[in-house]
2 protein chains.
Amino acid sequence: MAKIDDVARLAKVSKGTVSNVFSQKRPTSNEVRERVMSVSRQLNYVPNHTARSLVTKKTMAIGLTIPHGSFFFSAFHTQFINGVILEAAYYGYRVLLDIIPVHEVKTPFLTSYPIDGAVVMRPTANDERINLMHMGQIPFVTVGHVMNENIEHSTSVDNDNVQMMSNICEYLVGKGHTDIMFLNANEHMTVSIDRKASFIQAMKVRGLDVEEYMIHHKPPELNSSEYMDYGYEETIDILGKQKKKVTAIIADDDRTAFSVLNAIKDLNLSVPGDVSIFVICGDNSMMVQSNPSLTSMDLQPSELGAQSVRLLMHQLGVLQGDYDENIIVEGKIIERNSVSTIGHEEDRK
Amino acid sequence: MAKIDDVARLAKVSKGTVSNVFSQKRPTSNEVRERVMSVSRQLNYVPNHTARSLVTKKTMAIGLTIPHGSFFFSAFHTQFINGVILEAAYYGYRVLLDIIPVHEVKTPFLTSYPIDGAVVMRPTANDERINLMHMGQIPFVTVGHVMNENIEHSTSVDNDNVQMMSNICEYLVGKGHTDIMFLNANEHMTVSIDRKASFIQAMKVRGLDVEEYMIHHKPPELNSSEYMDYGYEETIDILGKQKKKVTAIIADDDRTAFSVLNAIKDLNLSVPGDVSIFVICGDNSMMVQSNPSLTSMDLQPSELGAQSVRLLMHQLGVLQGDYDENIIVEGKIIERNSVSTIGHEEDRK
DNA sequence: CTGAAAGCGCTTACAG
DNA sequence: CTGAAAGCGCTTACAG
């Protein structure tokens, strides 16, 4: 645990010079630099991060705020976080995981947050975490819209859920599907609300009515042992018992899709011959691994993560120039083998 | 951004007293405490974390080191991290994500790590990260054994992979299975090596030979688009094409298990009627969601995470008393519906 | 129970 | 290009 004084003394320079050799904020002569570095290696010296932070007023860390509670990483989360970490590292920032519960923030700050900014995932209506950031004057960017009173402007990244559902419907209807079942996310999530509305709208535009049994919501996350087999049950129920006509199923994640695939096989039907499956998001390597491989809408979560960091860097002044405060990342349809073209098959007859 | 001086002045006390009110390291009179808190609220004051750290020499953060490269969270990782975060929060510590690549650590420390200790996941042989921790005199605990030269003692948490495989074999053989296929993890992982050896040994002890086609390794993680459908292909190949007799398949994670289930259904066989499936680890909620639900060995990753933090707390002096330097967390078999008893069925005939 | 003062290990104007 | 000195915002013996 050598400190700057030790190095300065041994290298016969001032502390300021040692500081400059490491920070490279001011030029140093080759001779001095090498002398300092040599002594530093010898002493195993590295500048103390905390002391530096105290004077620069930068922690070089950003917070990544994840709601605690029933904590679970979907493929979306995993990839998003991956994007955040890599992009942050690129700018020399580390990532501090925060787990402020969405509600009941008891002891808000025992001390200040040792972060320069934060990425807030899944903001809820009037999210306490956002009020805290706002109070603490910590720059932040959210994934999805902020819905807090008293906060007007805010920086965010998001997918366009409305556009996305519309594209999915266009794709499926374009392939001849008119009886589409939608297994949506939890009822309470804002994305799920947006997607449902957009789904109905997109079908309507194409002259197709969406009956109630065509939309289902994933039950709220329960204790794992109580977890219902949502995708499987719904599929067996609607296609098997109720014998409804369904030619395509949209599943809101890869796990649900797998469960649906499972059910279809148990009904002695085939994918995509009898029923097509379309996945929103999900882990690509997993969807390739499936048989048949699953056609999906890639939400580019890792790109979302990277963009959120870039927005933060703009706010922190690390990145210069103009920028959009609200960034929309496009969803991309990745065609694999789980969606059939109904028209073509009929043509062949 | 009020500072301690502002509060001290307004509350008409010394800085030291304000400090005590917040840190509670020395008693303060009610009167003074309330005066200080009232002023602090008014000024929106919170102690500066960095300044405190500089003098206490504690960052109140622990690092969580995850190999970067083909970064992917399995259910094990997710739950492990969850355990780490919650347990760390319990002791007032935050979690800093570290992404030092396993190899090529170029600029080891531009500055010191702002952490008090670290949890290192997946140590590899002669892991550079561990050498760094060792050099930097940062206490750390690993998940799995350390295999570095020059490092003799180390603190770790782990499952007993040998015991675990033995238990699984005992369980399956006990149910009448003698032809068991094992879809193991990546060949290079230490857990996979341990499990393979143990599998062969456990079968041998029971008078059963393991032929080569009975053990397969997951291919190294490739670009997602090149990812082979490992579990599916192997199952179709061995059971379908080669027509080998296999009554039970052990899959090393839930995703592989799903893929196997998929294959078995495509072979017009049933689970567990024709083939049983046993999963090592995996996400419980997902395995319940499957049909049939999947019998598995729960590695208790979140318990492993919590224990690793507790070990760290011991090393940091936060937790007092004696402790084991190497903690083994038991794997628990969770019986669900994917393993049949062959003996019973034959009895019925 | 409270205060005055030194110090944690750096960086940063200010001079030269 | 380099040095001397002040200061970042706290905590902590030391006195009382």
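So that the names make sense, note that chain A is the first sequence line, chain B the second, and so on, each numbered from 1.
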| Close approaches to DNA chain C from residues 28-38 of chain B, in residue order (heavy atom, under 4.0 Å) | B:Thr28, B:Ser29, B:Val32
| field | Phosphate-side-chain proximity, A:Ser19 and C:dC10, N/O vs OP1/OP2 below 4.0 Å | value | no
List, with names and distances, any nitrogen or oxygen atoms from the protein found under 3.5 Å away from nitrogen or oxygen atoms belonging to nucleotides 13-16 of chain D.
from, atom 1, to, atom 2, distance (Å)
D:dC14, N4, B:Arg26, NH1, 3.2

| field | Set of ring-ring contact (aromatic ring centres under 6.0 Å, His included) partners for A:Tyr323, sequence neighbours left out | value | A:His314
| said: With a 4.5 Å cut-off on side-chain heavy atoms, are B:Asp158 and B:Val329 touching? | reply: no
| said: If the condition is salt bridge (Lys or Arg N to Asp or Glu O under 4.0 Å), which residues does A:Glu303 pass it with, not counting sequence neighbours? | reply: none
| query | For B:Thr17 and B:Val55, take the nucleotide of DNA chain C holding the closest heavy atom to each; which residue's nucleotide lies nearer the 5' end? | reply | B:Thr17
| said: Does atom CD (B:Gln42) have a neighbourhood of more than 12 heavy atoms from anything else shown, all under 6.0 Å? | reply: yes
| request: Send over the distance from B:Asn20 CG to C:dC1 P, rounded to a whole Å. | output: 11 Å
| request: Could you tell me whether a side-chain N or O of B:Thr59 sits under 3.5 Å from a main-chain N or O of B:Pro114, the two making a donor and an acceptor? | output: yes
| task | Select base, sugar-phosphate, or nothing to describe what B:Lys57 touches, counting heavy atoms under 4.0 Å on all strands. | result | sugar-phosphate
| query | When you look at B:Ser112 and A:Asn48, which way does the side-chain hydrogen bond (donor to acceptor under 3.5 Å, both in side chains) test go after all the steps? | reply | CA-CA 5 Å; B:Ser112 63; A:Asn48 179 296; 4.7 Å; no
| Please, which pairs that meet salt bridge (charged side-chain N to carboxylate O under 4.0 Å, His left out) have at least one residue in residues 137-147 of chain B, sequence neighbours excluded? | none
| Contact list for residues 317-327 of chain A, test salt bridge (charged side-chain N to carboxylate O under 4.0 Å, His left out), sequence neighbours left out | none
| Rounded distance (Å) that lies between atom C1' of D:dC8 and atom NE2 of A:His49 | 15 Å
| field | Atom P, compared across C:dC14 and C:dC10: separation rounded to whole Å | value | 24 Å
| Euclidean distance, atom NZ of residue B:Lys15 to atom C1' of C:dA5 [Å, nearest integer] | 9 Å
| field | P gap between D:dG9 and D:dA13, integer Å | value | 23 Å
| Any idea which of C:dC8, D:dC8, C:dC10 is nearest the A:Asn48 side chain? | C:dC10
| request: Can you tell me the distance, in whole Å, between the CZ atom of B:Arg52 and the P atom of D:dC8? | output: 19 Å
| request: Write out all pairs satisfying ring-ring contact (aromatic ring centres under 6.0 Å, His included) with one or both partners inside residues 115-140 of chain B, taking only residues at least two apart or from two chains. | output: none
| query | Where the side chain of A:Pro27 is concerned, which of D:dG3, D:dC1, D:dG9 is the nearest nucleotide? | reply | D:dC1
| task | Would you classify B:Val18 as touching base, sugar-phosphate or nothing, given that sugar-phosphate means primed atoms plus P, OP1 and OP2, and contacts are heavy atoms under 4.0 Å? | result | nothing
| task | Measure from the side-chain N and O atoms of B:Arg94 to the backbone N and O of B:Ala61, and report whether any donor-acceptor pair falls under 3.5 Å. | result | no
Could you tabulate the donor-acceptor pairs under 3.5 Å formed by side-chain atoms of residues 21-28 of chain B, not counting sequence neighbours?
from, atom 1, to, atom 2, distance (Å)
B:Ser23, OG, B:Ser19, O, 3.1
B:Ser23, OG, B:Lys25, N, 3.3
B:Thr28, OG1, B:Arg33, NE, 3.4

| request: Between B:Ala51 and B:Val13, just flag the one whose closest nucleotide in DNA chain C comes earlier from the 5' side. | output: B:Val13
| task | For B:Lys25, report the nucleic acid contact type (base, sugar-phosphate, nothing); a contact means any heavy atom under 4.0 Å. | result | sugar-phosphate
| Whole angstrom value for the distance that separates C1' of D:dT11 from CZ of B:Phe22 | 14 Å
| message | Whole angstroms only, please: what is the CG-C1' distance between B:Leu54 and D:dG7? | response | 12 Å
| message | I'd like to check the side-chain hydrogen bond (donor to acceptor under 3.5 Å, both in side chains) partners of B:Asp6; sequence neighbours left out, ordered by chain and number. | response | B:Arg9
| In chain order, what residues pass the side chain to side chain contact (heavy atoms under 4.5 Å, CB included) check against B:Val55, with sequence neighbours excluded? | none
| field | Reported NZ-to-CG distance for the pair B:Lys12 and B:Leu10, which is rounded to 0.5 angstrom | value | 7.5 Å
| B:Val119 side chain near B:Phe80 side chain, heavy-atom distance below 4.5 Å | yes
| request: Output the residues of residues 3-10 of chain B in contact with DNA chain D, where contact means a heavy atom of the residue under 4.0 Å from an atom of the strand; sort by number or write none. | output: B:Lys3, B:Ile4
| query | Where are the stems of DNA chain C, defined as at least 3 consecutive Watson-Crick or wobble G-U pairs with both distances under 3.5 Å? | reply | C:1-3 with D:14-16, C:5-12 with D:5-12, C:14-16 with D:1-3
